[in-house]
Amino acid sequence: MKIASWNVNSLNVRLPQLEQWLGEFAPDVVGLQETKLEDHRFPDDALAALGYRSVFHGQKTYNGVAILARNHALEDVQIAIPGFDDAQARAIAATVGDVRIVNLYVVNGQDVGTEKYAYKLRWLDAVHGWLAGELQRHERLVVLGDFNIAPDDRDVHDPATWNDEHILTSTAERAALQRLLALGLHDGFRLHNDEGGIFSWWDYRQAAFRRNLGLRIDLTLVSDALRGSTANAGIDRTPRTWERASDHAPAFVELA
DNA sequence: ATGGTAGCTCCGCTA
């Protein structure tokens with residue numbers, strides 16, 4: 001089972017690219033982030049024509065998440081983090097076959113010390129409580145999404161800039177990610193790759209993609225029970241090379 | 001430290 005995560009940065013703009021990529025990459029499950037679409041505008045019919053069912057949680061202009069699945073129903077759908085009052089559409093979960101999928105668009109946080117940064121840390125704390133319960137209910141759990149946190153220095157092009165006081169790499173953000181992993185989750189990518197310099201996001205500015213000035217912030221985490229059956233993991237850079245691309249490339253994990 | 005680009009909405013905000 002091929003499971004992927006892609007921040008499309010507007011599904012309205014990127015639908016043709018999503019359709020092409022679904023055909024070429026043929027994932028079984030996809031978590032999307034930054035769809036930027038209200039639910040009544042979600043293109044579920046176009047995706048169904050390609051064999052994908054979808055569940056979604058969106059809003060106008062910002063945020064928005066969805067889960068797509070091929071040849072499977074999406075069951076026990078959870079919209080948003082339970083018990084956490086959140087005006088922003090950033091979380092959705094569903095069960096696909098015997099795997100529970102949690103799809104997150106983690107808060108960016110703008111800059112360390114800002115109100116948005118405090119919201120990011122509060123949000124991650126709420127996710128921690130939610131995932132603890134999800135792991136109780138579902139041994140086979142995949143938590144994927146745009147985490148807006150680069151786990152360690154291998155995951156940034158310039159550790160001097162992206163240091164412990166910088167947004168996306170700060171001490172508190174990385175600690176919050178480690179706290180999620182400590183629940184019994186593993187960075188699927190790192191089960192199969194020790195290298196640095198492999199990224200999932202490149203800023204639109206300064207020709208960052210061409211110069212590979214990126215970060216690895218899109219993650220696919222697998223639970224203890226899935227660790228042994230994680231056959232492969234990586235990042236598909238192909239859609240990032242296309243005209244009018246998203247600034248993110250899909251991250252994926254394959255379960256045997 | 002700043003400002004660079006992209007998407008969307010409304011002329012700024014978010015990333």
Side-chain angles (χ1 to χ4, degrees), chain A residues 5-21 31-43 46 56-66 80-81 86-92 103-124 127 144-151 155-170 172-174 176-177 199-219 235 237-251:
Chain A
S5 171
W6 191 12
N7 180 324
V8 292
N9 185 20
S10 170
L11 185 51
N12 188 42
V13 171
R14 230 66 68 187
L15 179 60
Q17 296 190 18
L18 176 62
E19 291 172 328
Q20 182 176 346
W21 180 74
L32 301 176
Q33 305 87 33
E34 285 206 85
T35 55
K36 301 186 179 179
L37 287 177
E38 292 177 289
D39 289 344
H40 72 270
R41 294 185 58 210
F42 193 89
F56 38 86
H57 172 41
Q59 64 186 101
K60 207 199 296 192
T61 313
Y62 303 120
N63 310 311
V65 286
I81 306 168
D86 196 352
Q88 305 191 5
R90 295 181 172 276
I92 188 168
N103 177 27
L104 304 176
Y105 175 43
V106 175
V107 177
N108 175 285
Q110 192 174 49
D111 277 306
V112 174
T114 63
E115 177 49 43
K116 290 189 177 70
Y117 183 74
Y119 167 52
K120 181 177 197 171
L121 297 179
R122 278 200 312 277
W123 197 89
L124 287 164
V127 166
L144 51 76
D146 176 356
F147 279 72
N148 269 317
I149 302 171
D155 304 312
V156 309
H157 68 271
D158 177 15
T161 297
W162 297 92
N163 59 32
D164 60 7
E165 296 178 355
H166 201 285
I167 195 66
L168 312 191
T169 52
S170 73
E173 290 167 88
R174 283 175 163 169
L177 175 60
F199 306 129
S200 67
W201 170 80
W202 301 261
D203 200 293
Y204 283 123
R205 296 163 284 197
Q206 301 172 319
F209 181 64
R210 183 178 57 72
R211 301 157 67 202
N212 198 32
L213 306 180
L215 304 178
R216 191 175 69 88
I217 55 178
D218 299 273
L219 309 179
I235 293 158
R237 293 169 51 104
T238 308
R240 189 64 178 81
T241 69
W242 293 342
E243 281 299 314
R244 208 180 182 194
S246 168
D247 47 350
H248 294 253

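Protein chains get the first letters and strands the later ones, always in sequence-line order, with residue 1 at the start of each.
The pair Arg14(A)-Glu19(A) fails the salt-bridge criterion, with no side-chain N (NZ, NE, NH1 or NH2) lying under 4.0 Å from an Asp/Glu carboxylate O.
Here the separation of dA1(B) from dC11(B), taken at their C1' atoms, is 27 Å to the nearest Å. Using C1' as the reference atom, dT14(B) and dG4(B) are 15 Å apart when rounded to the nearest Å. The same atom, C1', is picked in dT9(B) and in dA15(B); the two are 15 Å apart, to the nearest Å.
When side chains are defined from C-beta on, Trp202(A) counts as touching Asn212(A), because their heavy atoms get closer than 4.5 Å. Residues Asp218(A) and Phe147(A) have side chains not in contact (no heavy-atom distance under 4.5 Å, counting atoms from C-beta outward). You'll find the side chain of Leu124(A) reaches within 4.5 Å of the side chain of Ile149(A), heavy atoms only. Looking at heavy atoms from C-beta onward, Ile167(A) lies out of side-chain contact with Gln110(A) at the 4.5 angstrom threshold. Counting only heavy atoms from C-beta outward, the side chains of Asp86(A) and Tyr119(A) approach each other to under 4.5 Å.
Among residues two or more places apart in sequence or in another chain, the salt bridge (Lys or Arg N to Asp or Glu O under 4.0 Å) test is passed with Arg216(A) by Asp155(A), Asp187(A).
Atom pair Asp111(A):CG and dA1(B):C1' shows a separation of 11 Å (rounding to whole Å applied).
Taking a 4.0 Å limit (strictly below) on heavy-atom distances, residues 157-168 of chain A does not reach DNA chain B anywhere.
Trp21(A) and Trp6(A) have their aromatic ring centers within a separation under 6.0 angstrom.
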* Structure fact -> Expected string for nucleotides 6-15 of chain B under the B/S/- scheme (protein heavy atoms, under 4.0 Å, primed atoms plus P, OP1, OP2 as sugar-phosphate) is SSSS---BSB

